Amino acid sequence: MCTKGAFAGLQPTFELAISLILRKLNHKMDRIDFRSDTVSWPTPAMREAMAVAPVGDDVYGEDPTVNELEALAAQMTGKEAGLFVSSGTMGNLVGILTHATRGEEIIVGRDSHVMLWEAGSVAALGGVVPLALPTDRYGRMSLDAVESAVRYDDVHLPRTRLIHVENSYGSKAGYPIAPDYFAGIWEIAQRHNLNVHLDGARLFNAAAALNLDAPDIARFVDSVTFCLSKGLCAPVGSVLCGTADFIHRARRMRKAVGGGMRQAGILAAAGIVALEEMVGRLDIDHRNACLLAEGLSQIRGIEVDMEMVRTNMVFFSLADDVPLDAHEIARRMRDEANIWVGDRDARSFRAVTHYWIKKSDVEVFLDVLGSVMMG
Ligand code: TLP
């Protein structure tokens, strides 16, 4: 039976509530999770901002916190307007379907996130045809191949509408691609009257690694989506940015795919903290990734391509003479030391650094992997 007033007199202060939550979480923090930066938890400052955020109905455009986040995101990417979406996948889907419609074609790297990890959504839901090109070691399509892939006007052919690019490039160890590549893509797009969309899930990592500001990269694209919920630690969300007119149209597409949220200011509040407090510290994650890679290269049987370690990801693999497989190694690290690493396939791994991975965790990771490798 629910007794009225059972909690009377129990009025914890806000600080007490936050400290109780954090204490409750602490026992889980023993886990050291390198699988992705998506596993990063919201910071205490985010939880606090979420609790006090002013909210409204965002589908009516009346949530002040969402509006503030969208304006801040637009400013930080050098675009006119922003649109808060639930995920990077939704940002790409809404962005691409706002540019291109059924039967139109997008030119895209064949190992890009949108091709490999988004459930084929642009084709499945939007009827958009991907023309997938190979990429080089860093995630760049050849500019000649892009130019030749643009269709001429013929009733038999899909109409080319968009070039899709990514930075940092996830499947190439999160490599940060320098802006001259995007300038080249942009020139092709201008010549053929195409648009360019950037999957900048980790745009701020790329910019930090290149010692640039995000607009130095995003100026070469019509639209960009970046994630708040990866290295920036927010619990949910991405922002799609572009011209005011583009975002106006994208808002309708977001509604169509079920992405219209109501009192989303609760989530956007964490996003604002992410942009204000977390962008400037990404270099720390990059330094930890470097440290990790250097340590890995000292472990017998581990191979790591140091040139590719530029942001917060380290891809590494097992030498041919190592009898163990990557799944077994990952399982043992998890079971024996509560350290989680991504096993990409039977011979290779991905480790991603983020706010909740400290330098000392990198050292523990190296110790544990070293001993698992020895037997
Ligand atoms: N990437 C995730 C997994 O899906 C692989 C990860 O752990 O790295 N673009 C890029 C470049 C991404 O890496 C991701 C997520 C997304 C888009 C999608 O973001 P979400 O997961 O928010 O839909």
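Numbering of ligands and ligand atoms starts at 1, following listing order. Everything numeric in this text was worked out from a predicted model, so none of it was measured. Just the heavy atoms: all of them, side chains too, but no hydrogens, waters or symmetry mates, feed the values below.
Taking only non-hydrogen atoms, the option from E166, E118, H113 nearest to atom 5 (C) of ligand 1 is H113. Of all the listed residues (G170, G88, S121), G88 holds the heavy atom that lies closest to atom 22 (O) of ligand 1. With atom 8 (O) of ligand 1 as the reference point, the heavy atom nearest to it among R35, M90, K230, R202 is part of R202.
Salt bridge annotation for D245-R249: present, with a cationic side-chain nitrogen under 4.0 angstrom from a carboxylate oxygen. Residues D111 and K172 are paired through a salt bridge, judged by an N-O separation under 4.0 Å between the basic side chain and the carboxylate.
The closest protein non-hydrogen atom to atom 23 (O) of ligand 1 is T89 OG1, 2.6 Å. When only non-hydrogen protein atoms are considered, atom 9 (N) of ligand 1 lies nearest to D199 OD2, 2.6 Å.
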Please step through salt bridge (Lys or Arg N to Asp or Glu O under 4.0 Å) for the pair D285 and R202, ending with a clear verdict. CA-CA 12 Å; D285 300 338; R202 298 182 182 83; over 6 Å; no
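Side-chain contact annotation: H286 with N205, donor-acceptor N/O pair under 3.5 Å present. A side-chain donor from one of H99 and S223 sits under 3.5 Å from a side-chain acceptor of the other. For the residue pair H197/N92, the side-chain donor-acceptor check at 3.5 Å is satisfied.
No side-chain heavy atom of S229 sits under 4.5 Å from any side-chain heavy atom of V236.
Residue contacts with ligand 1: W117 is placed with no nitrogen or oxygen under 3.5 Å of a nitrogen or oxygen of the ligand (distance criterion only).
Proximity of S87 to ligand 1, defined as any heavy-atom pair under 4.0 Å, is shared by backbone and side chain alike.
Heavy-atom proximity to S36, at under 4.0 Å, picks out these atoms of ligand 1: 6 (C), 7 (O), 8 (O). Each of the atoms 6 (C), 7 (O), 8 (O) of ligand 1 lies under 4.0 Å from some heavy atom of R350.
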